[in-house]
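Worksheet: the structure to be examined is printed underneath.
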There are 2 protein chains.
Amino acid sequence: MRAALQLVADDGLAATTTARIAEMAEVAEGTIYRHFSTKDELLIAVYRQIKRDVFEQVTDAYEPAANITERFVHLWHQTFLAYRADPQKLIFVQKFSETELVRTEGGLAHKPMAELLGALHRDGIHAGQFKSLPIDLMTGLFYAPIISILRAEQSGPPCPDTQIKTAMAAAFDAWRICPPIQETQIMEKNDAN
Amino acid sequence: MRAALQLVADDGLAATTTARIAEMAEVAEGTIYRHFSTKDELLIAVYRQIKRDVFEQVTDAYEPAANITERFVHLWHQTFLAYRADPQKLIFVQKFSETELVRTEGGLAHKPMAELLGALHRDGIHAGQFKSLPIDLMTGLFYAPIISILRAEQSGPPCPDTQIKTAMAAAFDAWRICPPIQETQIMEKNDAN
DNA sequence: GTCTATATTGGGATAGAC
DNA sequence: GTCTATCCCAATATAGAC
């Protein structure tokens, strides 16, 4: 499983053959099929383990009764730290999610985290602080800065804290109902053309 | 090319074999190789055409001298409409971007649009209206609502204009420097834990 | 320019010894 | 529980007639 994780993260799912997994794990190819009846099953197992681990870290010390802002910051920051501790996990999840394998997986692994975000989002809407957004857009905006930062750190220096805060603020502002600066033009203009 | 577009959009790149492309295009498999020396070359040609078409529509009637808000709304809305006219194009671009093929393509097709967004973002930062964000995060936040809405419309009713406006506002607010509502807590809290 | 037929490769999965 | 050897198939690409 560790070999599969690394290979997928580094070279993508297409390039991750059972031969290479076995080679990197230093076992014979046939051995894989003693533990998993299929290659897809192995990949799904890796995916689920990652999701489980991250969820555990994120919910640790989480206060569902705290105020909206605190909850958002906790969830975002913990998710960020969890993946930052092993960026290959994020890459794997990304690549995995983009294939048809997610459909066969069924979305079970993602559900707990999605519900956590969903509950926060609902509460924020109720409190008049958040926009009403479709659930996948909401989660997409949540993860976008995490993906961006950790991708950049893969091939460069660690991102300074100020930039991390700005990136988190981008996600938060996307969710929030933000007062306009000057004109209220933003909403009117998009009828033109 | 049309057959390839549709197959990739519907079933993904892995399921798009030369045999199925030929079948759908109602030509023999060998015929493909009279026009493209390789399957990848065909897919890259499809990708580049989509990017060219969308860029053309987006830049039509674009006023680079207009104010920041107007420019953002124009670019976002035109991009949205361009892909909405043929959502398969968006799905194709998404799937294509997630593979190693983007690397072989070289990113040439995406460049013009990226520069347009980059210029707007720079101007907005200069005007004190936009956050300073890494370029890929900036583009990611720009496209996130478009992808989300068009994905939803693929398997459901058309999205009402009010929701489209809210989604666009989410992208815009993510870019914008938004005044905090009550506490200035957002920035301090994320040191906790 | 398009066809039919085929060469070739490389991947997932299995059989059966140890 | 791990190995070696091998099967089987599907997919890309080519050859050469029409």
Side-chain angles (χ1 to χ4, degrees), chain A residues 1-50 88-89 91-109, chain B residues 1-50 88 91-106 108-109:
Chain A
M1 286 172 72
R2 228 179 306 124
L5 166 61
Q6 191 172 333
L7 281 171
V8 171
D10 288 351
D11 302 336
L13 261 129
T16 303
T17 62
T18 48
R20 291 187 70 197
I21 295 171
E23 186 191 11
M24 176 165 279
E26 289 178 318
V27 296
E29 205 175 339
T31 305
I32 292 174
Y33 294 91
R34 288 283 151 184
H35 303 276
F36 304 95
S37 64
T38 212
K39 186 195 164 192
D40 288 359
E41 199 183 90
L42 162 60
L43 294 173
I44 287 172
V46 174
Y47 176 75
R48 289 197 167 146
Q49 180 143 110
I50 294 171
Q88 288 190 331
K89 288 183 180 172
I91 312 281
F92 181 95
V93 168
Q94 282 289 107
K95 298 228 168 111
F96 184 91
S97 305
E98 291 154 359
T99 65
E100 315 303 307
L101 272 175
V102 267
R103 250 182 287 277
T104 61
E105 195 271 333
L108 242 157
Chain B
M1 285 172 71
R2 229 179 305 124
L5 166 61
Q6 191 172 333
L7 282 171
V8 170
D10 288 351
D11 302 336
L13 261 129
T16 302
T17 62
T18 49
R20 292 187 68 201
I21 295 170
E23 185 191 12
M24 176 164 280
E26 291 178 316
V27 296
E29 207 175 339
T31 306
I32 292 173
Y33 294 91
R34 288 282 150 184
H35 303 276
F36 305 94
S37 64
T38 210
K39 186 194 164 193
D40 288 0
E41 199 183 272
L42 161 61
L43 294 173
I44 286 171
V46 175
Y47 176 75
R48 290 197 167 145
Q49 180 144 109
I50 295 171
Q88 288 190 330
I91 312 280
F92 181 96
V93 167
Q94 283 289 108
K95 299 230 166 108
F96 184 92
S97 305
E98 290 152 1
T99 65
E100 315 303 307
L101 271 175
V102 268
R103 250 181 287 277
T104 60
E105 194 272 332
L108 242 157

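Note that the structure is predicted; figures quoted are calculated from it, not measured. Each chain gets a letter, A, B and so on, in the order the sequences are listed, and its residues count up from 1.
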Within-4.5 Å side-chain heavy-atom neighbours: A:L13 and A:L43:
yes
Could you state the atom-to-atom distance from CZ of A:R20 to C1' of C:dG11 in whole Å?
13 Å
B:R34 vs B:D40, nearer the 5' end of DNA chain D by closest nucleotide
B:D40
A:T38 side-chain proximity, nearest of C:dA13, D:dT12, D:dC3:
C:dA13
Compare every heavy atom of A:T18 with every heavy atom of A:I32, then report the nearest pair and how far apart it is.
CD1-O, 3.6 Å
Nucleotide C:dG12, atom C1' - distance to CD1 of A:I32 in whole Å
10 Å
Integer-rounded Å distance: D:dA13 P and B:L42 CG
10 Å
Determine: side-chain N/O of A:Y33 to OP1/OP2 of C:dA13, distance under 4.0 Å, yes or no.
yes
Rounded to the nearest Å, what distance is computed from the CD atom of residue A:E29 to the C1' atom of nucleotide C:dG11?
8 Å
CZ (A:R48) with more than 12 external heavy atoms under 6.0 Å:
yes
Measure the distance from CD on B:E26 to P on C:dT4 and round it to the nearest whole Å.
13 Å
To the nearest 0.5 Å, how far apart are CD in B:E41 and NE2 in B:H35?
12.0 Å
Below 4.0 angstrom from OP1 or OP2 of C:dG11, is there any side-chain N or O of A:T18?
no
Do the side-chain N or O atoms of B:T31 get closer than 4.0 angstrom to the phosphate oxygens (OP1, OP2) of C:dG1?
no
Using whole Å, report how far CG of B:L43 lies from C1' of D:dA13.
15 Å
Protein-nucleotide distance (B:H35, atom NE2; C:dG1, atom P), rounded to Å:
7 Å
Expressed in angstrom and rounded to an integer, what is the separation of A:F36 atom CZ from C:dT14 atom P?
15 Å
